[in-house]
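This is a predicted model, so every value here is computed, not measured.
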Amino acid sequence: TQAALAQNAAGDNGRAKLLKQAADGFLSYAGAHPDAPRAIDALSQAAKINTEQGLLLIARAERLQDKNQRQKLLSSARSQLDTAAKSVEEMLQAAEARLQSLPRGAALQADEEARELRQHFLSKRAEGKFLAANLLFEKARSHPQGSAEFNQTLKQATESFGNLSTEYQGKRVGYFARLYEGRCHQLAGDSAAALECFDDLIKQPTGDPEFRRLVARTYRRRAEIHLAGGEVDKAIEECRDWLDDSVSDERREPEWLAVAHHLATAYQAKADDAPSSEASSLRSEARKLYREISRHPGEFQNAARSAVAATGGETKTVETKNFAEAFAAGKDAWEQMRSSSIAARLARQNNPEAVERLQEQASLQRAAALTYFQKAIDVADKKTPVDDLVASRYYLCRLLWEDQRYQEAASLAETLALEDPENKFAPVAANLALAAYQRLQQRNASSGTDNQSAEKLRSMAQLIANRW
């Protein structure tokens with residue numbers, strides 16, 4: 001579907017076009033089949049897609065420096081949110097009409113299908129009410145903070161979420177409404193009221209996985225308030241306790257990564273005012289968190305990568321005695337190199353003075369990673385985990401390629417692809433070898449020499465075509 005394709009579309013414009021096509025398709029279906037069982041679902045999907053389009057426009061506007069262009073995008077975002085609100089209104093009307101058409105009393109209890117439909121339409125009605133309140137919240141964010149439009153729309157959103165949390169008290173939609181009621185208070189600058197809402201959520205039992213996601217989001221918002229109010233220790237305590245009580249799989253999820261990012265921010269803030277010995281430890285803890293966050297795509301990945309580059313300090317040589325130590329040091333240097341490289345690209349727009357320093361830092365970290373991975377390969381023995389050894393060889397291929405040592409990169413990558421074709425690194429190693437031989441062929445053609453690069457190039461292309 002267009003909605004699914006839009007998730008992988010390159011660029012905001014391409015994604016927006018596919019989302020519009022998907023939304024129009026859902027609305028067309030709902031209009032042509034108003035009494036169909038899936039018509040309400042179609043209206044729900046159209047509303048969600050139009051909401052996403054509005055949020056994309058708001059995000060784009062926030063990145064703009066030109067005030068007029070920013071306001072133009074925000075106006076378009078509000079129009080998109082209004083379109084979503086119309087679909088939600090139709091959805092609520094349809095759900096209510098379908099509920100009224102169902103049998104009642106004893107007749108309902110005797111009809112299993114009618115009971116199932118009633119539960120479905122009640123669920124859709126609750127969903128619609130939440131979507132309507134959320135659209136008010138997002139629309140408020142599109143207005144200048146403190147303006148009459150901002151205050152009025154935010155007040156409506158706050159009241160809507162408050163009513164929902166009361167109407168659906170003890171139910172999932174009620175808990176989510178309470179979270180967003182708190183977010184409304186937070187956006188309005190009423191930290192006490194926001195924390196009161198958030199307190200109600202973190203006091204609940206947290207056995208259900210989906211509810212744990214909600215609580216993780218709550219701790220993130222609490223941390224924002226604590227940090228904004230200068231209560232760094234409280235932010236550290238709450239975030240650290242929540243992460244300590246979480247399992248490793250959870251800590252890779254977006255909600256937990258957000259908490260980790262705020263904990264790292266709190267460590268950094270505390271380090272600024274701490275004695276040198278304590279500050280060093282706090283910054284070290286922050287770097288560990290930033291490095292972990294930087295490995296996972298999401299809201300905070302780029303910020304974490306920039307933070308790793310900014311807090312990495314000088315590249316220090318780590319003494320390694322065996323494969324495991326050299327492999328770990330290589331991966332650490334690799335991550336720092338990637339973070340510094342990305343931070344350098346981002347700095348070209350917002351901090352040009354830092355570009356040269358970050359590029360130099362990335363170069364040093366690349367050299368360190370190359371040394372560590374080479375040593376890991378050299379000291380490997382029969383007890384070395386095969387997957388880790390293959391990974392070391394692949395990382396070394398990549399580093400040799402980036403150093404423009406194409407002959408070495410090609411030879412190692414070709415060997416890796418041929419010796420262990422079932423390994424996950426084999427296809428990418430083969431493509432790297434192909435690219436390296438292509439560079440060698442171009443270099444040889446310009447210099448008038450021939451070292452069989454053309455034949456190697458054909459051989460690797462044939463291997464890739466036949467194998468992968």
Side-chain angles (χ1 to χ4, degrees), residues 1-64 66 68-98 117 120-121 123-143 149 153 157 160 173 176 180 210 213 217 253-255 296-302:
T1 65
Q2 284 91 345
L5 289 171
Q7 301 305 316
N8 298 315
D12 289 341
N13 291 334
R15 188 178 184 192
K17 183 179 179 180
L18 289 171
L19 286 173
K20 184 180 186 306
Q21 291 174 357
D24 289 346
F26 283 121
L27 290 175
S28 177
Y29 174 85
H33 308 87
D35 298 324
R38 309 299 295 181
I40 295 176
D41 295 319
L43 289 168
S44 170
Q45 289 298 322
K48 291 175 181 177
I49 290 171
N50 280 314
T51 299
E52 184 175 354
Q53 284 185 286
L55 296 182
L56 283 171
L57 290 171
I58 291 175
R60 286 174 59 188
E62 289 174 345
R63 297 195 296 265
L64 293 177
D66 185 278
N68 291 331
Q69 287 295 321
R70 185 166 64 250
Q71 290 305 317
K72 184 178 179 180
L73 273 183
L74 289 174
S75 178
S76 297
R78 286 190 287 272
S79 296
Q80 202 72 55
L81 296 177
D82 286 339
T83 300
K86 290 178 182 178
S87 296
V88 171
E89 185 178 355
E90 291 179 32
M91 173 188 172
L92 287 170
Q93 291 172 352
E96 193 62 40
R98 298 300 294 270
L117 284 173
H120 175 71
F121 295 136
S123 175
K124 286 300 175 182
R125 184 170 69 179
E127 178 187 326
K129 289 181 177 181
F130 184 89
L131 289 174
N134 188 53
L135 283 165
L136 289 170
F137 173 74
E138 299 297 353
K139 192 172 181 179
R141 291 202 309 120
S142 73
H143 289 295
E149 295 88 348
T153 310
S160 296
V173 67
F176 272 94
Y180 274 80
E210 285 304 311
R213 290 183 185 275
R217 293 168 69 177
E253 295 295 323
E255 296 83 0
H296 304 281
E299 180 182 357
F300 295 102
Q301 186 180 47
N302 282 341

_Please evaluate residues Lys86 and Glu89 with respect to the criterion salt bridge (charged side-chain N to carboxylate O under 4.0 Å, His left out), reporting the C-alpha separation (whole Å), side-chain torsions for both, the decisive distance (0.1 Å), and the verdict._
CA-CA 5 Å; Lys86 290 178 182 178; Glu89 185 178 355; over 6 Å; no
*Look up atom CG in Leu131 and atom CE in Met91, then write down how far apart they are to the nearest 0.5 Å.*
6.0 Å
*With side-chain contact (heavy atoms from CB on, under 4.5 Å) as the test, would you mind laying out the steps for Arg217 and Tyr180 before giving the verdict?*
CA-CA 10 Å; Arg217 293 168 69 177; Tyr180 274 80; 3.0 Å; yes
_Reported CZ-to-OG distance for the pair Arg60 and Ser76, which is rounded to 0.5 angstrom_ = 9.0 Å
*Do Arg78 and His143 pass the side-chain contact (heavy atoms from CB on, under 4.5 Å) test, and can you show the C-alpha distance, the side-chain angles, and the key distance before you say yes or no?*
CA-CA 9 Å; Arg78 286 190 287 272; His143 289 295; 3.4 Å; yes
*Report the C-alpha distance between Thr51 and Leu81 in whole Å, list the side-chain angles of each, state the deciding distance to 0.1 Å, and finish with yes or no for side-chain contact (heavy atoms from CB on, under 4.5 Å).*
CA-CA 5 Å; Thr51 299; Leu81 296 177; 4.2 Å; yes
*Please report the shortest heavy-atom distance between Ala133 and Ala157, naming the atom on each side.*
O-CB, 4.0 Å
*Quick one: which of Leu43, Asp41, Leu92 gives a side-chain contact (heavy atoms from CB on, under 4.5 Å) with Lys124?*
Asp41
*Of all heavy-atom pairs between Tyr29 and Ala36, which one has the smallest distance, and what is that distance?*
OH-CB, 3.5 Å
*Report the distance from atom CZ of Arg141 to atom CD1 of Ile58, rounding to the nearest 0.5 Å.*
5.0 Å
*Can you see which heavy atom on Asn50 is nearest to which on Ala84, and at what distance?*
CB-CB, 3.7 Å
*Would Glu127 and Lys48 satisfy side-chain contact (heavy atoms from CB on, under 4.5 Å), going step by step from the backbone distance to the final call?*
CA-CA 11 Å; Glu127 178 187 326; Lys48 291 175 181 177; 3.3 Å; yes
*Check whether any side-chain N or O of Arg98 sits under 3.5 Å from a backbone N or O of Asp35 as a donor-acceptor pair, and report yes or no.*
yes
_Euclidean distance, Glu299 CD relative to Glu255 CD, rounded to 0.5 Å_ = 10.0 Å
*What are the two closest heavy atoms between Ser87 and Ala47, and how far apart are they?*
CB-CB, 3.9 Å
*Applying the side-chain contact (heavy atoms from CB on, under 4.5 Å) test to Leu73, which of Leu64, Asp66, Leu56 qualifies?*
Leu64
*asked:* Nearest 0.5 angstrom please: Thr153 OG1 to Leu135 CG, how far?
replied: 11.5 Å
_For a quick test of reading the model, state the closest non-hydrogen atom pair linking Ser160 to Leu136 and the distance between them._
OG-CD1, 3.8 Å
*Taking atom CG of Leu74 and atom NZ of Lys72, what is their separation to the nearest 0.5 Å?*
12.5 Å
